[in-house]
Engineer: 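For reference, the structure I am asking about is given below.
The shown structure was predicted, so the numbers you read here are calculated from the model rather than taken from an experiment. Note on naming: letters A, B, ... go to the chains in the order of the sequence lines (proteins, then strands), and numbering restarts at 1 for each one.
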Amino acid sequence: MARSYDFVAVEAKWQQRWAEQRTFRTPNPGDPDFDPRKPKFYVLDMFPYPSGAGLHVGHPLGYIATDIVARYKRMTGSNVLHPMGFDAFGLPAEQYAIEHGVHPRATTERNIANMRRQLLAFGLSYDWERELATTDADYYRWTQWIFLQLYGSYFDLEAGRARPIAELEQRLARGERVVTDDLRVVAAPLPGSAATPGSAATTRPWATLTAVEQRSVLDQQRLAYLAEVAVNWCPALGTVLANEEVTADGRSERGNHPVLKRPLKQWMLRITAYAERLIADLDGVEWPEPIKLMQRNWIGRSEGALVDFALDAPAAAAAGAAAGTTAPEPIRVFTTRPDTLFGATYMVLAPEHPLVPQLTTPGQRAAVEAYRAATARRSELDRQSGQAEGKTKTGVATGACAINPVNGARLPIWIADYVLMGYGTGAIMAVPAHDQRDFDFARACGLPLRAVVLPPAAWIAEQGAAAGRAAPSREDYLAHVGDYGVPYVGEGESVQSRHGELVLDGLPTAEAKHAVTAWLERRGIGSGQVQYKLRDWLFSRQRYWGEPFPVLHGPDGETEPVPEHELPVALPPMDDFRPVVDEDLSRPPQPSLGRAPESWRAVVRDGVRYTRELNTMPQWAGSCWYYLRFLDPRNDQALAAAAAEHYWMSPPAAAAEPATSPATESTSAPALTTPARAGGVDLYVGGAEHAVLHLLYARFWHKVLYDLGHVSTPEPFGRLFNQGYILAAAFTDERGVYVPAAEVEERDGAFYYRGQVVRREYGKMGKSLKNAVTPDEMFKEYGCDTLRLYEMYMGPLEVSKPWNTRDIIGVHRFLHRVWRNVCGEGEAPDGACLVETPADAELRRLLHQTIKRVTEDLDRLRFNTALAALIELNNVLVGRATLPREVAEPLVLMLAPFAPHVAEELWQLLGHERSLAYAPWPRYDPALLVVDEVELVVQVSGKTRGRVRVPVAADLAAVRAAAEADPKIAKHLQGLTIHKAVLVPGRLLNLVAG
RNA sequence: GCCGGAGUGGCGAAACUGGUAGACGCGCGGGACUCAAAAUCCCGUUUGCCUUGGCAAGUAAGGGUUCGACUCCCUUCUCCGGCACCA
């Protein structure tokens, strides 16, 4: 039996065998070998982008972890769905293809092949028969289908969910919804496009609208709609970019090209309609709290009020004349602090605000125009980064004034770029005494302050002293608020806030908000309002390598969806797929698909010539729903069969989960490897860099599909886990340039590269820091089982930790020791040998303790400590002459999820013919863990002074007697009286003496 | 600036709900085996002080609660991540 551990041969053998025997093929409901009695477990990795560089050892950290979970869950009797695919559309592939003069299809296929090879070499137990790539026509057919669902739906505000747009049309026809003269549906207004508070707009019956008008009304309600918006345009890349593809200083993340704002008509997805549900449903998923918080912050819900400020008489007359009407529009603002309305001392409009030209007085016109022009030259991104909070604020007075509705005060109207057109209404009331930005601006422009919220006395004292006030007090603050160095932005009792019947004085902030909002609503000049930072999702790209939109454009500018049965709209083959680079912003952009063959671009229907949409979808589209396609990847009738979707996505049935071990279910927190209660993917593992975008977009699509009845759960990912990064030492020379880390030598604590001293730092492993370590070199040296073990042994999965090749040897030795313990060593095993005799009581207890530790650690995803337990058990075996089969087999089975190749080989050497992939996980016997004597630590006044062996059931008196009898302990008690004795059963005894 | 997360030996880390700080591994020191080396096995390894055995200090720093604090509370520092004029 003796034979040395040849990891190269063992790993090749078992990878081949798993593939041949389709060991990890997962049957679906309805398949002949599907067992419906087993509980299900869907464990998913965030699928990778197949880059040309291939994997380094940092990439598969999460994949190894999920593989361990998948293998463990198979052994504990679950049906495990564990698939893998590739997110292959997008800018990097296209840019790479352009730079190398190859078609992105070719580079993508090559990169996928290389990455699949690398993943296979890790021995990951994916069901490769479910592999998919977002670039497959069979896949993006359904991406396009989902787009058509979005296009064919609207958001019913009353029901709070999406419905087919045909239902809206019926309601309009029946008069259940009405249309205003500016073609808006008022009975179901969209968030942010609310009708004038209190004013009854004139409406028109549906039948009186022309066909064009009806179409326009419906198009505006769709979840996918065309809109003219200011977009990030990158002339050098010839495409618009999402905000996340643009760096803080207004350049493209890829290529570092300048990015400008320009208005373009683009496809938008109405994610804002789901803002409320996207926040609310976070409560039901088991995700890390910081990730939930980041999503909430990104959505940015804030409650407040819309308030209308009428223009004062001269301004109204001027604006009325300019607009050619008699009743000029009031200025509407959004505020989260309506309780501070009495503290407003001026107003600010965004420079782009449409009312600005009308109300600017002749004397100010030149200055205002100059300021607006200066603002327009700078992109919004510039404005945000260059002009952040704390920097000097600029602005210009328009010369006009508005009337504060609560007290009739005249408020000068300014324009300033610290007010953004894109949030709220693009106008604010400024309360400099209680808002940092307004305070800064008021200081810069010499505007007055008025205190209307009373700060706590301590605040007044502290800030008053800091500002050099002689006698800070409530009266001093109210009279001289401008002399205090900072605004008070907290909550407090309202003061100086009464006029006529409206009295806020004495009310705490929350009540004051209520009172003033109710007052505004009664008078029809304001209303409560919820605002979100979240914007609708810009969904068009002008590039080639993405999903084509299944949309046709008619001769009169109408859009027509491509019928479902004609999907997919395939990407046309093109030799020249480069974007059109055009610095001239007056010309419309020319998407790459504009140069597709005429036969692709033009479609004739009923004698009418349509042209195809020439934009493509952004990279996020494909990753929004891939977890659903894995459920049923070859289905050509639906994106996934209902039975498969139900089975794999459902929350666990109440009693479906068998306890893996008798004593593990006592803990309150659910183990990380029980199916997610919320339903959806049971364990989704990936990097925290997708905390917002991917996870938010996918949740949004999932909710639309849920509303339309295509999926059965409201959330896609019931449980989320973020793995940390693998860091590695990187080295810079004196110019600050990175040098290849592999060639750096260490001598006496200093680091040298080609004789030059270099500086060490730590960073995410990768090409840019020149510190990548490839798995291929590790496989060659140690084998993939060792690499898997090392990555899990480095530390907890969720923390980032530095790679250190030197340390790998530890787990490698461990595998060798396991091998020797089971097989003996060399040609003549020197004693260490498998025996069929039972283990002695001590060893048996250790085994069962180890099973308990490993099982519980796996349930908590604590792979590092699970391995430590296995190493401890194995180290004990090293010192023993024989190895009872009773111990050898559980040891091999417990090792299997971590190091599957060597475990399979040992399992076979132990005489088993079948793979251990579905062998039952070892169970421990709680009775064997019971001890009748324990060693207690004895402390004297909190300091450990000795230990005593006592029966487990010993009471305080007995333990105390035993402790005091111990000479070492007695020495520390000499001359002291024991005031108190604390016994923690099984742990310690503390004698407080003095 | 605001919001999160984290600071434990020479290094990666462990310590479950407040109960022996440093499990396990790397490295290092010593020993066995060997002609020798590798591999393997054994012993030691937080720091300081006393040459058995102890004593003292110690989980970023300072304070607090407690019989008892890496763990809870307050203040400060450092690092990492997110957001950044969102009214």
Engineer: May I ask you to verify if any side-chain N or O of A/Arg806 is less than 4.0 angstrom from the OP1 or OP2 atom of B/C28?
Structural biologist: no
Engineer: Give every residue pair that meets the salt bridge (charged side-chain N to carboxylate O under 4.0 Å, His left out) criterion with at least one member in residues 786-806 of chain A, sequence neighbours excluded.
Structural biologist: A/Asp67-A/Arg788, A/Glu798-A/Arg862
Engineer: For the C1' atoms, the ones on B/U66 and on B/G18, what distance do you get once it is rounded to whole angstrom?
Structural biologist: 9 Å
Engineer: What pair of heavy atoms forms the shortest contact from A/Ile415 to A/Val348, and how long is it?
Structural biologist: C-CG1, 4.0 Å
Engineer: Does a side chain donor of either A/Asp438 or A/Tyr418 reach within less than 3.5 Å of an acceptor in the other side chain?
Structural biologist: yes
Engineer: Can you see if the side chain of A/Arg296 gets near the phosphate of B/G4 - specifically, an N or O under 4.0 Å from OP1 or OP2?
Structural biologist: no
Engineer: Starting at the 5' end of RNA chain B and moving along, which residue's nearest nucleotide shows up first, A/Leu534 or A/Pro796?
Structural biologist: A/Pro796
Engineer: Any N or O donor-acceptor pair linking the side chain of A/Arg817 to the base of B/U40 at under 3.5 Å?
Structural biologist: no
Engineer: Can a side chain N or O of A/Lys852 be found less than 4.0 Å away from OP1 or OP2 on B/C16?
Structural biologist: no
Engineer: Answer with base, sugar-phosphate or nothing: what part of the nucleic acid does A/Lys801 contact at a heavy-atom distance below 4.0 Å?
Structural biologist: sugar-phosphate
Engineer: Between B/G68, B/C24, B/A14, which one does the side chain of A/Thr865 approach most closely?
Structural biologist: B/A14
Engineer: From the set B/U20, B/A56, B/A87, return the single nucleotide nearest to any side-chain atom of A/Arg945.
Structural biologist: B/A56
Engineer: Within the 4.0 Å heavy-atom criterion, would you say A/Asp438 contacts the bases, only the backbone, or no part of the nucleic acid?
Structural biologist: nothing
Engineer: When you get a sec, tell me which of B/G12, B/U20, B/A87 is the closest nucleotide to the side chain of A/Tyr423?
Structural biologist: B/A87
Engineer: Measuring only the C1' atom in each nucleotide, how far is B/G63 from B/C80? A whole number of Å is fine.
Structural biologist: 27 Å
Engineer: Looking only at the side chains, is there a donor atom on one of A/Tyr762 and A/Ser800 sitting less than 3.5 Å from an acceptor on the other?
Structural biologist: no
Engineer: If you only use heavy atoms from C-beta on, which nucleotide in B/G27, B/G19, B/G25 is closest to the side chain of A/Asn875?
Structural biologist: B/G25
Engineer: Can we say A/Arg853 and A/Glu872 salt-bridge, meaning some charged N sits less than 4.0 Å from an Asp/Glu carboxylate O?
Structural biologist: yes
Engineer: Could you measure between the two C1' atoms, the one in B/A13 and the one in B/G25, and give it in whole Å?
Structural biologist: 8 Å
Engineer: Based on the glycosidic angle (syn within 90° of 0, else anti), state the conformation of B/G9.
Structural biologist: syn
Engineer: Using the C1' atom on both, measure B/A21 against B/G9 and round to a whole Å.
Structural biologist: 11 Å
Engineer: Select one nucleotide: of B/G5, B/C42, B/A56, the one nearest the side-chain heavy atoms of A/Val878.
Structural biologist: B/C42
Engineer: Kindly assign one of parallel, tilted or perpendicular to the pair A/Phe751 and A/Phe731, based on the angle between their ring planes and the thresholds 30° and 60°.
Structural biologist: tilted
Engineer: Looking at A/Glu964 and A/Arg960, does any basic side-chain N land under 4.0 Å from a carboxylate oxygen?
Structural biologist: yes
Engineer: Counting heavy atoms from C-beta on, name the nucleotide in B/C24, B/C3, B/G27 closest to the side chain of A/Asn297.
Structural biologist: B/C3
Engineer: Paired stems touching RNA chain B, three or more consecutive Watson-Crick or G-U pairs with both distances under 3.5 Å?
Structural biologist: B:1-7 with B:77-83, B:10-12 with B:24-26, B:27-32 with B:40-45, B:46-50 with B:53-57, B:60-64 with B:72-76
Engineer: Counting any heavy atom closer than 4.0 Å, what does A/Arg862 reach on the DNA or RNA strands: base, sugar-phosphate only, or nothing?
Structural biologist: sugar-phosphate
Engineer: Can you tell me the distance, in whole Å, between the NE2 atom of A/His816 and the P atom of B/C26?
Structural biologist: 13 Å
Engineer: Which whole-number value in Å describes the distance from A/Glu761 CD to B/C79 P?
Structural biologist: 14 Å
Engineer: Should A/Asn864 be listed as having a side-chain N or O under 4.0 Å from OP1 or OP2 of B/A14?
Structural biologist: yes
Engineer: Which part of the nucleic acid does A/Leu293 contact within heavy-atom distance under 4.0 Å: base, sugar-phosphate only, or nothing?
Structural biologist: sugar-phosphate
Engineer: Provide the distance between the two C1' atoms, one in B/U46 and one in B/G10, to the nearest whole Å.
Structural biologist: 11 Å
Engineer: Regarding A/Leu991, tell me which of base, sugar-phosphate or nothing describes its non-hydrogen contacts under 4.0 Å with the strands shown.
Structural biologist: nothing
Engineer: Reckon A/Val937 touches a base, only the sugar-phosphate, or nothing at all at heavy-atom distances under 4.0 Å?
Structural biologist: base
Engineer: For B/C24 and B/C43, measure between their P atoms and round to the nearest Å.
Structural biologist: 11 Å
Engineer: Heavy atoms under 4.0 Å, any strand shown: does A/Lys292 hit a base, just sugar-phosphate, or nothing?
Structural biologist: nothing
Engineer: Between B/G48 and B/G81, how many Å separate the two P atoms, rounded to a whole number?
Structural biologist: 35 Å
Engineer: Which nucleotide in the set B/A14, B/A13, B/G82 lies at the smallest distance from any side-chain heavy atom of A/Pro802?
Structural biologist: B/A13
Engineer: Round to the nearest Å and state the distance from A/Leu787 atom CG to B/G25 atom P.
Structural biologist: 20 Å
Engineer: Please work out if A/His972 contacts a base, only the sugar-phosphate, or nothing of the nucleic acid, heavy-atom cut-off 4.0 Å.
Structural biologist: sugar-phosphate
Engineer: Rounded to whole angstrom, note down the P distance from B/C2 over to B/U76.
Structural biologist: 11 Å
Engineer: From B/A87, B/A13, B/C24, pick the nucleotide closest to the side chain of A/Ile428?
Structural biologist: B/A87
Engineer: Nearest of B/C24, B/G19, B/C67 to any side-chain atom of A/Val984?
Structural biologist: B/G19
Engineer: Both A/Ser302 and A/Arg853 contact RNA chain B. Taking the nearest nucleotide for each, which residue is further toward the 5' end?
Structural biologist: A/Arg853
Engineer: Select base, sugar-phosphate, or nothing to describe what A/Lys968 touches, counting heavy atoms under 4.0 Å on all strands.
Structural biologist: sugar-phosphate
